[in-house]
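Everything on this sheet refers to the single structure shown next.
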Amino acid sequence: MDGSTNSLDDVSAGSSAEYPDRVSVMEGRLQLQENEITLLKSSLADALRRLRLHDQLIPLLKQQLIAVNPAAARVLNQVFCSDGFSSSRKLSSSSALDGTHHPATRVRRNSEKLAKDPQEKTKKRLDKKAASSANLLTRSPSLESRTKDLIASAGSPGSRRGTQGQSIKMFIRGRPITMYVPSNIQNYDDLRMEPPVEKLELDWVYGYRGRDCRANLYLLASGEAVYFIACVVVLYHINNRTQRHYSKHTDCVRCLTIHPDKVRVASGQTAGVDKDGKPLQPYVHIWDSSTLITLQQIGLGTFERGVGSVAFSFADSGAFLCVIDDSNEHMLSVWDCAKGTKHAEVKSTNEAVFTVEFNPNDSTNIITCGKSHVYFWTLSAGSLTKKQGIFGKYKKPKFIQCFVFSLTGDVLTGDSEGNILTWGKSPGDVKTLGKGAKETFQIMRQTRAHDGSVFTLCMLQGGALLSGGGKDRKIIRWSADLAPERECEIPEKFGAVRCIADVDGEELLVGTTRNAILRGTFSDGFVAIVQGHVDEMWGLATHPSQDVFLTCGHDRQVCVWNTEEHKLDWCTTLEEYGLCADFCPNGAVVSVGLSTGRWLVLDLQTKDIVSDYTDGNEQLSVMRYSTDGSFLAVGSHDNFIYIYNVTESGRRYSRYGKCNGHSSFITHLDWSKDGKYIMSNSGDYEILYWDIAGGCKLLRNRYESKDREWASYTCVLGFHVMGVWLEGSDGTDINALCRSHNERMVAVADDFCKVHLFQYPCPKPKAPNHSYEGHGSHVTNVRFTHCDSHVLSMGGKDTCILQWRVKRGGTGDSGGDRLHSSSSTSTSSPEP
């Protein structure tokens, strides 16, 4: 465990500056190549399927026309020949189904050009299609309606003139996706898209970022603990169990400190990128914790990559703010808090810097520490000069993790060797260095403290010291002369001690490396008041009748949360990591799909595994029960959908069939309201429909499913949700969506850290919506609670779960909602 703890700290120490840009460029190129291969495979499979369908349709149409009107049949034969049906079946099969006309000579000319440089020409053609707003959606009559038009044009007295079927074509990465317009829409062009009258407001934040950040837990004078996760700074009242949120950061918050008045807060963020991939500039916000109003924005355009550490001065009542950025040189800068102007700046070191602090008795003295160094800085006349701490006869540790100032003015550091070092000034060595010798900072004393790293030090009011360990997970209280007085050990499931905040001298708040915040004392022990996942999350399911939801992810944890009490009900650890889940409609059990093709059924009350099955050997991506709970559909990355009969209230399963027809991995699926059909999406942007009651058969004619009603709507591709896609989308921009149970709203999780709320249905491009920020990573999943009172969203790498309250719109404020789709993250952080 020592190795894992140290490696974890090495990762947090290195910061983003140590990862070469070349790797990310190569990963991007590799992803592009994989996407192109997937697209080519899916296009080939789609063409073959269309050919088979064409062969089935043409004889049937001819027979019907001959029986009804021989003259119309002759006209139809002439049109087929002119369209190239008789001369080139391969060239016409796709256009016949999509209702578009492609002259054979033009296709041949394009194919001749492709033969010269196929890869380059194909890429250009796909890019052109994807970027073209004119080709994003084009109306095309279906094959059936073309036939009806031909019959009508032939002048047959007995021709049928029913409603003409219409289809809409959407392009994703150059691939056409045909959506059939439902019969209840008479004129697609007249549809008016508006944002929903409902809006979202951030209600609760689950999680804490302790895994790779330090010194990020403080107690305010209001009795609120302040900490951060993703882009949100959380103010959690430890007694009232309420939350407020500062939400003005545009990317992940990386560091935090509080002013000597215990009211003002400074928080710094990483750089991030905008929706077009352009880098955004990091900055520090100084804000009032009582009003959540931003008082000052520091350093916009000055810092590189991100802000790693911040500190207020104490001797002058917090007049200055010191900042370390994440550039290669880790620039150290001092700012005037009132004016927001830079007072001094200097290159710090090329090594990782963990923390910075002012001397509480002298604002001209600043200390930084990090990888293999402790620097003592002097601020004078707008410039900074440094002296390096001398280790002398003591072993130089790999990392100086933290430091505090003692009441006597000494500096105490905690390092990766488990020692607490006491530093002091020594007069210059005149004998060795001559008359010009200057005073130095040297180690006065070494105290063995922990087995493994010392991650944090906390000075108490009476001069006592608290230290938190890594490998041993211990919290030790030391007297003023560094004699151990008391100690306790944190439970292993919470990880190592990351930081400590003093509540009243006895009670403590402890942040851990497994993203938990504990509260307790040495005598009574510690209990978790904040918990969260520690790795990327994908699985999210809401209970059908209770205020409960389940999450699972790469940390192998399955967690069940209560949305009303805002707490973790229970958590269990699996052998493999979970990627998807769904509650049985009776609410007694929940199915969880794992990364190996295995899936489990858990009893919600006992937490026991009541069923254990395996389908294939690839990861599962979606679990979905039918409305009455009689079937379970399991979507896999092996391109199959496995269907199971469900009996004994969700505790017994038997294989019913397998849906075979997708040419790529399954991404989403939904059941029809009658429980007989399934709609599914795949990784190559296919939309297929399946007759489950008829033996898991693929419905070849997708036109027949245009009026089918769906019990849920989580498929990201479909006519009713076509408007959630932006122009030029690459097919992975939207990770998940969910229709509300009242069928009025659609919540969308995208790849750009945002949650959107659309009106349902939204079948037209550029549909207006409300957009909300808060996540610091791609949003992997989103769900409505059973009564549509809340929306739950989960981030990928940010390990954050956000609970949004759905605010019902009224006639008084709905007019303003319809003006523009973009709204702020929440109203919890008002602007000045």
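The analysis underlying the following values was restricted to heavy atoms, covering all of them including side chains, and did not include hydrogens, waters or symmetry mates. Predicted model only: the values in this text are computed from it and were never measured.
Heavy atoms of other residues, nucleotides or ligands lying less than 6.0 angstrom from CD of Glu489 number more than 12.
Residues Glu198 and Lys807 fail the side-chain proximity criterion, which asks for heavy atoms closer than 4.5 Å. Looking at Phe354 and Cys402, their side chains never come closer than 4.5 Å, going by heavy atoms from C-beta outward. With a 4.5 Å cut-off on side-chain heavy atoms, Glu492 and Arg473 count as touching. Looking at heavy atoms from C-beta onward, Arg264 lies in side-chain contact with Leu295 at the 4.5 angstrom threshold. Annotation: side chain of Thr250 is in contact with side chain of Tyr283 (closest heavy-atom distance under 4.5 Å).
With sequence neighbours left out, the salt bridge (Lys or Arg N to Asp or Glu O under 4.0 Å) criterion links Lys797 to Glu536. Residues satisfying the salt bridge (Lys or Arg N to Asp or Glu O under 4.0 Å) criterion with Arg514, sequence neighbours excluded, are absent altogether. Remark: Glu576 engages Arg598 in a salt bridge (Lys or Arg N to Asp or Glu O under 4.0 Å) (not counting sequence neighbours). By the side-chain hydrogen bond (donor to acceptor under 3.5 Å, both in side chains) test, Tyr713 is found to be paired with no residue, residues two or more places apart in sequence or in another chain being considered. For Val265, the side-chain contact (heavy atoms from CB on, under 4.5 Å) partners are Leu220, Leu256, Ile258, Trp287, Ser289, not counting sequence neighbours. With sequence neighbours excluded, the residues satisfying side-chain contact (heavy atoms from CB on, under 4.5 Å) with Cys322 are Leu332, Val334, Val356, Phe358, Ile366. When the salt bridge (Lys or Arg N to Asp or Glu O under 4.0 Å) test is applied to Arg519, the partners found at least two apart in sequence or on another chain are Glu507. Take His786 and apply the ring pair (Phe, Tyr, Trp, His ring centres under 6.0 Å) test, not counting sequence neighbours, and it matches no residue.
Side-chain contact of Gln759 with Arg744: a donor-acceptor pair under 3.5 Å is absent, judged by distance alone. Using modelled atom types, one finds a donor on one side chain and an acceptor on the other under 3.5 Å when comparing His259 with Asp261. In summary, the side chains of Ser793 and Tyr772 do not present any donor paired with an acceptor at a separation below 3.5 Å, with no hydrogens or angles considered. At a cut-off of 3.5 Å, with distance as the only test, no side-chain donor of Asn240 or Thr242 sits close to an acceptor on the other residue. Side chains of Tyr625 and Ser591: a donor on one and an acceptor on the other come within 3.5 Å. With hydrogens and angles left out, the side-chain atoms of Asn735 and Asp751 include a donor and acceptor closer than 3.5 Å. Side-chain atoms of Ser247 and Glu773 include no donor-acceptor pair closer than 3.5 Å. Using a 3.5 Å distance cut-off with no hydrogens or angles, the side chains of Thr714 and Arg624 do pair a donor with an acceptor. Inspection of the His245 and Gln243 side chains reveals an N or O donor paired with an N or O acceptor under 3.5 Å.
Looking only at distances, no side-chain donor or acceptor of His285 sits under 3.5 Å from a matching main-chain atom of His249. For the pair His741 (side chain) and Thr785 (backbone), a donor-acceptor distance under 3.5 Å is present. Here the side chain of Thr572 pairs no donor or acceptor atom with the backbone of Val558 at under 3.5 angstrom. Proximity of a side-chain donor or acceptor of Thr270 to a complementary backbone N or O of Gly306 within less than 3.5 Å is not detected. A side-chain donor-acceptor contact under 3.5 Å links Asp472 to the backbone of Asp451. At least one donor-acceptor pair under 3.5 Å links the side chain of His543 to the backbone N or O of Gly587. In this structure a side-chain-to-backbone donor-acceptor pair under 3.5 Å is present from Arg498 to Arg211. The main-chain N or O of Met794 is found under 3.5 Å from a side-chain atom of Thr780 such that the two form a donor-acceptor pair.
To the nearest 0.5 Å, atom CG of residue Asp569 and atom CD of residue Gln605 are 9.5 Å apart. Here the CG-SG distance, from Asn216 to Cys499, works out to 5.0 Å after rounding to the nearest 0.5 Å.
Ring geometry, His778 versus Trp538: the interplanar angle falls from 30° to 60°, so the pair is classed tilted. Using cut-offs of 30° and 60° on the angle between ring planes, the pair Trp561 and His533 is tilted. Below 30°, between 30° and 60°, or above 60°: for His756 and Phe758 the angle between ring planes is between 30° and 60°, a tilted geometry. Between Tyr236 and Tyr227, the two ring planes are perpendicular [angle over 60°; tilted spans 30° to 60°].
Within the structure, no pair that satisfies the salt bridge (charged side-chain N to carboxylate O under 4.0 Å, His left out) test touches residues 542-555, not counting sequence neighbours. Within the structure, salt bridge (charged side-chain N to carboxylate O under 4.0 Å, His left out) pairs that include any residue of residues 216-233 comprise Glu224-Arg244 (at least two apart or interchain). Legend: salt bridge (charged side-chain N to carboxylate O under 4.0 Å, His left out) pairs involving residues 283-298, not counting sequence neighbours: none detected. Sorted by first then second residue, the side-chain hydrogen bond (donor to acceptor under 3.5 Å, both in side chains) pairs that include residues 455-468, not counting sequence neighbours, are His450-Ser467, Ser467-Trp478.
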### Task
Go through His566 and Gln803 one step at a time and tell me if the side-chain contact (heavy atoms from CB on, under 4.5 Å) criterion holds.
CA-CA 9 Å; His566 306 121; Gln803 178 173 312; 3.7 Å; yes
### Task
Show your reasoning for whether side-chain contact (heavy atoms from CB on, under 4.5 Å) applies to Trp599 and Leu594.
CA-CA 6 Å; Trp599 54 276; Leu594 308 182; 5.7 Å; no
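A salt bridge links Asp603 to Arg651: one of the charged nitrogens lies within less than 4.0 Å of a carboxylate oxygen. Under the 4.0 Å criterion applied to side-chain N and carboxylate O atoms, Glu575 and Arg556 are not assigned as salt-bridge partners. Using a cutoff of 4.0 Å between basic side-chain nitrogens and carboxylate oxygens, Arg254 and Asp326 are scored as salt-bridged.
Between Phe549 and Tyr206, the gap from one ring centroid to the other is short of 6.0 Å.
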